[in-house]
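In what follows, a single structure is set out as structure tokens and then discussed.
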Amino acid sequence: MGGVSDPAFPESFDERFLQAALAEARRGVGRTSPNPAVGAVIVRGGEGDEPGIVGSGWHHRAGMPHAEVEALRSLSDPSRARGATLYVTLEPCSTQGRTPPCTRAILEAGIGRVVIGTLDPNPAHAGRGVEILRAGGVEVRVGVLEEECRRLNLAFNHWIVTRMPWVIAKAGMSLDGRISRAPGESRWITNEASRADTHQLRARVDAILVGGGTLRADNPQLTVRGLPPETMEGRPQPWRVIVSQTGNLPPEAAVFTDEHRDRTLVFTGRPLREVLADLGRRNVTSVLIEGGMRVLGEAFDERLVNQVCFYVAPLLLGGPVLATGGLGVGSSAEAPRIVNPAYERFGDDVRMTGEVEYPMQ
């Protein structure tokens, strides 16, 4: 059963300590799939004392203890949990999976109060953990920094409801939307800083997808490179997914011959929607589509893209090879829009990111 909450602990501290839990959760971004990234801190404060963090934890990867259990295990003395406040970015799980339910651990530890960022996005579980804790005598507050906590796990939230991966469209392009230099020139349009940032993005997804034309033209490695070793510690390289209309792919390509060749999947003659559904069934929660023009065009035509990450170089190249092809839209009113856009400079390049919003059909 839950313990009695510290009477000297006002709600005015909740956002401050939920921010600390978010900082813990961010340590797991890109490592926990198909689980969400979650962080937790345990806080105590005696009579007249400033409340302080006495324990913290984050979910390291699927199959390992959840953030709440990690925080409880970090306590110098387990009895310090009794009556303390637990801050956690996501509603504690209430069902037995690869690990026991966190609600049980919280009740057994005697936590007196739990502050939750956001409810479990799974409709089958949402609110159940809160009910169990309250029934066990724990005071519960929900919705502190809710939007920040929700956005931390956009891919998981989407996949757990739809069983389709969260799709990010990525392209490096000229100012006029071209993605190909003149024959014989370097294939790079964007600068080195932009390309380094791409590897940060790759490290946060489960799979990287390109079309057969891109594979034949560029022979890309589609791996995470140049980052500190701890970035990929405990997790494999993302899946490399090749979609081809004909199956005519060069057997000597890097994705078929390098040390990560067992992380390559090929889909031949299948619609992109079917490919993504297949990946979702394989517990792939996020996919980065890196081109080419045909694949990105199909992704937008079929309303499959959830987010964009476009790197724009200050060049005007012209030519027929565009960042996205496809059928396009009949009018500007039918065009998908980028919401919550954010911009960052990498030298002379500009990166634009944002979520994709489609008009009602």
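Since the model is a prediction, treat every value here as computed from it, not as a measurement. By convention here, the first residue in the shown sequence is residue 1.
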Any chance the side chains of W166 and Q307 put a donor and an acceptor closer than 3.5 Å?
yes
Show the nearest heavy-atom pair for residues I189 and A313, with the distance to one decimal.
O-CB, 3.6 Å
Residues two or more places apart in sequence or in another chain: which of them pass salt bridge (charged side-chain N to carboxylate O under 4.0 Å, His left out) with E344?
R351
Any link between F13 and I53 through a network of hydrophobic side chains (Ile, Leu, Val, Met, Phe, Trp, Tyr) touching at under 4.5 Å?
yes
Please verify the inter-ring angle class for F17 with Y87; under 30° counts as parallel, over 60° as perpendicular, anything in between as tilted.
tilted
Using 0.5 Å steps for rounding, measure from the CG atom of L249 to the OG1 atom of T268.
6.5 Å
Output the distance between atom CE (M164) and atom CG (D278), rounded to the nearest 0.5 Å.
10.5 Å
Can you see which heavy atom on A37 is nearest to which on A25, and at what distance?
CB-O, 3.6 Å
Pairwise side-chain contact, V43 with V41, heavy-atom cut-off 4.5 Å (strictly under):
yes
From T103 OG1 over to E108 CD, what is the distance, rounded to the nearest 0.5 angstrom?
9.5 Å
Rounded to the nearest 0.5 Å, what separates atom CE in M293 from atom CZ in R178?
10.0 Å
Do V144 and E15 touch side chain to side chain, with heavy atoms closer than 4.5 Å?
yes
Do the non-hydrogen side-chain atoms of I116 and P92 ever get within less than 4.5 Å of each other?
yes
Could you check whether any side-chain heavy atom of Q19 comes within less than 4.5 Å of a side-chain heavy atom of E148, counting everything from C-beta outward?
yes
Who else is in M64's hydrophobic cluster (ILVMFWY, side-chain heavy atoms under 4.5 Å, direct or via others)?
none
Close side-chain approach of T214 to E290, heavy-atom, < 4.5 Å:
no
Distance alone, cut at 3.5 Å: any donor-acceptor contact between the side chains of S194 and N191?
yes
For the CZ atom on R270, are there more than 12 heavy atoms of other groups (residues, nucleotides or ligands in this structure) within a distance under 6.0 Å?
yes
For R216 and P250, indicate whether the former's side chain and the latter's backbone hold a donor-acceptor pair under 3.5 Å.
no
With sequence neighbours left out, what residues match R303 under salt bridge (charged side-chain N to carboxylate O under 4.0 Å, His left out)?
none
For the pair W159 and F156, name the ring-plane relationship: parallel under 30°, tilted 30 to 60°, perpendicular over 60°.
tilted
D176 side chain to G318 main-chain N or O, any donor-acceptor pair under 3.5 Å?
yes
Distance, nearest 0.5 Å, that separates CG of L201 from SG of C309:
5.0 Å
State, to 0.1 Å, how close G55 and S74 come at their nearest heavy-atom pair, and which atoms those are.
CA-OG, 3.2 Å
Tell me whether L22 shares a hydrophobic cluster with L154, the cluster being built from Ile, Leu, Val, Met, Phe, Trp, Tyr side chains joined at under 4.5 Å.
no
Under 3.5 Å, sequence neighbours excluded: what are the donor-acceptor pairs made by side chains of residues 118-137?
{"from": "D120", "atom 1": "OD1", "to": "N122", "atom 2": "N", "distance (Å)": "2.8"}
{"from": "N122", "atom 1": "OD1", "to": "A124", "atom 2": "N", "distance (Å)": "3.0"}
{"from": "R134", "atom 1": "NH2", "to": "V140", "atom 2": "O", "distance (Å)": "3.1"}

Identify the residue among T32, T89, N35 that makes a side chain to side chain donor-acceptor pair (under 3.5 Å) with H59.
N35
Of V167, V284, T285, which is the lone residue that meets side chain to side chain contact (heavy atoms under 4.5 Å, CB included) with L279?
V284
The test is side-chain contact (heavy atoms from CB on, under 4.5 Å); show your working for R337 and Y358 and say whether it passes.
CA-CA 6 Å; R337 299 185 65 85; Y358 297 94; over 6 Å; no
Is the shortest side-chain heavy-atom distance between C93 and C102 below 4.5 Å?
yes
Would you call D349-R345 a salt bridge at under 4.0 Å N-O?
no
Residue pairs passing the salt bridge (Lys or Arg N to Asp or Glu O under 4.0 Å) test with at least one member in residues 224-238, sequence neighbours excluded, are none
Go through the steps to decide whether T85 and V114 satisfy the test side-chain contact (heavy atoms from CB on, under 4.5 Å), and finish with yes or no.
CA-CA 6 Å; T85 297; V114 176; over 6 Å; no
Side-chain heavy atoms of L272 within contact of I289, under 4.5 Å
yes
Q245 meets the side chain to side chain contact (heavy atoms under 4.5 Å, CB included) criterion, sequence neighbours left out, with R294
Would you say R44's side chain and P51's backbone share a donor-acceptor pair under 3.5 angstrom?
no
Side-chain contact test, heavy atoms from C-beta onward, threshold under 4.5 Å: evaluate it for V275 versus L209 and give yes or no.
yes
Worked check of side-chain contact (heavy atoms from CB on, under 4.5 Å) between N157 and R150
CA-CA 8 Å; N157 297 345; R150 183 192 70 82; 3.7 Å; yes
Between CG on residue L304 and CG on residue L276, distance to nearest 0.5 Å
5.5 Å
Between R240 and D258, does any NZ, NE, NH1 or NH2 come within less than 4.0 Å of an OD or OE carboxylate oxygen?
yes
With no hydrogens and no angle check, is any side-chain donor or acceptor of R263 less than 3.5 Å from a backbone partner on Q237?
yes
I'd like to know if the side chain of D206 and the backbone of S33 have a donor-acceptor N/O pair within less than 3.5 Å.
no
With hydrophobic residues grouped by side-chain heavy-atom distances under 4.5 Å, do F300 and V321 end up in a single group?
yes
Hydrophobic clusters here meaning ILVMFWY residues chained together by side-chain heavy-atom distances under 4.5 Å, can you tell me if I179 and L175 are in one?
yes
Check: T257 side chain, A253 main-chain N or O, donor-acceptor pair, under 3.5 Å
yes
ILVMFWY network linking V255 to L288, side-chain heavy atoms under 4.5 angstrom
yes
Looking at E70 and W58, what are the two nearest heavy atoms and their distance?
CG-O, 3.6 Å
Check A203 against L227 and note the closest heavy-atom contact, atom names and distance.
CB-CD1, 3.9 Å
Above 12 or not: heavy atoms from other molecules or residues under 6.0 Å from CD of E192?
no
Looking only at heavy atoms, which two atoms of V356 and P336 are closest? And how far apart?
CG1-CB, 3.8 Å
Step-by-step side-chain contact (heavy atoms from CB on, under 4.5 Å) determination, V241 to L222
CA-CA 9 Å; V241 181; L222 305 180; over 6 Å; no
Side-chain ion pair, E24 and R27, N-O less than 4.0 Å
yes
Looking at R113 and D14, does any basic side-chain N land under 4.0 Å from a carboxylate oxygen?
yes
